Amino acid sequence: MIRSILIHPDPRLKKVCDPVAEITAEVTALANDMLETMYDAPGIGLAAPQIGVMKRVLVMDCIKDGPPEPMVLINPAVIWSSEDVATYEEGCLSIPDQYAEVKRPAEVQVRWLGLDGVEHERQFAGLWATCVQHEIDHLDGKLFIDYLGPLKRQMITRKMEKLKRERARSV
Ligand code: NI
């Protein structure tokens with residue numbers, strides 16, 4: 001089921017999410033809905049708080065050409081970050097049509113729980129590294145615009161407030 005994506009500013013996008021205690025049918029259904037919602041948007045990553053679920057679950061697929069590689073990460077944690085940094089122009093499904101360059105560690109080692117109930121670990125590089133860090137930030141109530149200067153951030157926030165007013169009127 002495709003869920004509706006919250007648009008910034010929203011208090012739910014500012015909260016620290018709760019860890020998932022165990023993999024249940026409900027968690028699996030949530031992950032499937034998140035993947036469906038992400039591919040439909042379309043986007044390369046989505047975190048549970050973006051659909052108003054305050055749990056530490058994220059999905060992503062950074063493959064642009066070739067067969068899809070859907071990933072579901074539950075309770076993900078960065079356990080190592082490279083000193084090298086990379087700059088990517090980031091966007092966010094909760095901040096539509098706004099993009100800005102963000103600097104982050106170029107590679108990260110991440111540990112998470114899979115839907116199979118097993119702990120996984122992988123080193124991410126390139127776009128995957130940026131995406132996984134962006135999505136983990138969401139689980140801690142952080143958005144990519146929090147890395148920008150206050151003026152740029154306020155400008156984007158005002159645009160989003162205007163967008164939300166327009167959308168509310170057109171319903
Ligand atoms: Ni985002």
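Just so we're clear, the structure is a prediction, and the values are computed from it rather than from any experiment. Start at 1 and go down the list; that is how both ligands and their atoms are numbered.
Side-chain contact check for Q50 and S94: at least one donor-acceptor pair (N or O, by modelled atom type) lies under 3.5 Å.
Under the salt bridge (charged side-chain N to carboxylate O under 4.0 Å, His left out) criterion, E22 pairs with no residue at all, not counting sequence neighbours.
Both the sub-6.0 Å distance and the 45° axial angle are satisfied by K142 relative to the ring of Y147.
Using a 4.0 Å cut-off between charged nitrogen and carboxylate oxygen, R12 and D10 count as a salt-bridge pair. Looking at E161 and R165, no side-chain N of the basic residue comes within less than 4.0 Å of a carboxylate O on the acidic one, giving no salt bridge.
In the hydrophobic clustering of this structure, I44 does not group with I5; members are Ile, Leu, Val, Met, Phe, Trp, Tyr whose side-chain heavy atoms approach within less than 4.5 Å, directly or through other members.
Around the Ni ion (ligand 1), the protein atoms of type N, O or S found under 2.8 Å away are C92 SG, H134 NE2, H138 NE2, listed by chain and number.
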